[in-house]
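Okay, structure first, notes after.
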Amino acid sequence: MARKRRKDLPQLRGNWLTTYGDMVTLLLTFFVFLYSFSTIDVQKFQKMIYSFQDAIGVLPGGVTTIPGEETMQGAQLTGPGQEMTLNAEQVKKVHEMMVQLLESENLMNEVTVRVEERGIVISIIDGLLFQSGSVELIPPARRLIYKIAQIIKDLPNQISVEGHTDNVPLNRGPYRDNWGLSSMRAAVVGSYLVESGIDPKRLRTVGYGQSRPLVPNDTEEHRRINRRVDIVILNDFRG
């Protein structure tokens, strides 16, 4: 019986070593997996914290956001080509100056300022800028755009000027459709921002036509809201 047990030992030893090797491999994999979780994406973590603060109604500097919209991150530009984001103090300053401007011009019902994840959005209804079907700025519009430019021209961020229309097809004028009209209006506003002191390298213009309404185009008032030009101070330097 003793000889039989000695013959069995090599087989038993081999099974034990195989099991031990498998266990070590699994432990190594487990610790590598844990290490991967320990690498924190700082920007995503900041975004989560800001979102939580916003959810409970608290943001640094007293800045508020529209329900359902996310606040911007608080990182700073650290090198060419990297993300540049507005911090809470910058958002607060721009927001306060814009509100003061709109109150002084009695334009609180025609212009809105909101904070989105992509940046600060200044929405101007088209009736305040253009006559129906036209792409020529009316005189009061020039004064408003100039004053907006003085507020935002010292910010280093990129600016997107975006034209929007309602869903009513064009039946007259030199532009084939709402895409062409919205693109030209964005370009005209962008051009006057440059005349008012904005660095053209920071600026882009785009027309979205009827594709991005703020509200359904089901009433005349809603269509009036959707006919607008947005001036967006982009949170992301790359746009």
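Each residue takes its place number in the sequence, starting with 1.
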[X] and [Y]: same hydrophobic cluster, using ILVMFWY side-chain contacts below 4.5 Å?
| X | Y | result |
| --- | --- | --- |
| Leu181 | Val168 | no |
| Trp179 | Val135 | no |
| Leu107 | Ile231 | yes |
| Leu155 | Ile151 | yes |
| Val111 | Ile225 | no |

Residues Arg227, Glu220: salt bridge by 4.0 Å N-O rule: yes
What I want to find out is whether Arg118 reaches Glu162 closely enough, with some N-O distance under 4.0 Å, to be called a salt bridge. yes
side-chain contact (heavy atoms from CB on, under 4.5 Å) evaluation trace for Phe130 with Val189: CA-CA 10 Å; Phe130 308 97; Val189 172; 4.0 Å; yes
Grab the two heavy atoms, one from [X] and one from [Y], that are nearest each other, plus how far apart they are.
| X | Y | answer |
| --- | --- | --- |
| Asn109 | Arg224 | O-NH2, 4.3 Å |
| Lys153 | Gly197 | CB-O, 4.1 Å |
| Gly163 | Ala186 | N-CB, 3.6 Å |
| Tyr208 | Ser182 | N-OG, 3.5 Å |

Report the C-alpha distance between Leu129 and Ile138 in whole Å, list the side-chain angles of each, state the deciding distance to 0.1 Å, and finish with yes or no for side-chain contact (heavy atoms from CB on, under 4.5 Å). CA-CA 6 Å; Leu129 300 172; Ile138 61 178; 5.8 Å; no
Is there side-chain contact between [X] and [Y], with heavy atoms separated by less than 4.5 Å?
| X | Y | answer |
| --- | --- | --- |
| Val99 | Glu96 | no |
| Arg185 | Val188 | no |
| Asn178 | Leu170 | yes |
| His95 | Ile120 | no |
| Arg114 | Asp230 | yes |
| Ile159 | Leu234 | no |
| Pro213 | His164 | no |
| Glu103 | Met108 | yes |

If you measure from [atom1] on [X] to [atom2] on [Y], what distance do you get to the nearest 0.5 Å?
| X | Y | atom1 | atom2 | answer |
| --- | --- | --- | --- | --- |
| Arg228 | Ser123 | CZ | OG | 5.5 Å |
| Asp126 | Ile124 | CG | CD1 | 11.0 Å |
| Ile122 | Ile152 | CD1 | CD1 | 5.5 Å |
| Ile198 | Ser191 | CD1 | OG | 12.5 Å |
| Asp199 | Arg202 | CG | CZ | 7.0 Å |

Evaluate the criterion side-chain contact (heavy atoms from CB on, under 4.5 Å) for residue pair Val206 and Ser183; output intermediate values, then yes/no. CA-CA 6 Å; Val206 59; Ser183 297; over 6 Å; no
For the pair Arg223 and Glu221, evaluate salt bridge (charged side-chain N to carboxylate O under 4.0 Å, His left out) and give the outcome as yes or no after the intermediate values. CA-CA 5 Å; Arg223 287 189 288 271; Glu221 177 61 22; over 6 Å; no
Enclosure of Asn106 CG (heavy-atom neighbours >12, cutoff 6.0 Å): no
Report, as yes or no, whether the 6.0 Å neighbourhood of atom CD on Gln131 holds more than 12 heavy atoms from other residues, nucleotides or ligands. no
Check: residues 139-149 side-chain donor-acceptor pairs under 3.5 Å, at least two apart:
residue, atom, partner, partner atom, Å
Arg143, NH2, Glu105, OE1, 2.6
Lys147, NZ, Glu105, OE2, 2.6

I need the single residue from Asp166, Asn167, Thr165, Asn217 that forms a side-chain hydrogen bond (donor to acceptor under 3.5 Å, both in side chains) with Asn226. Which is it? Asn217
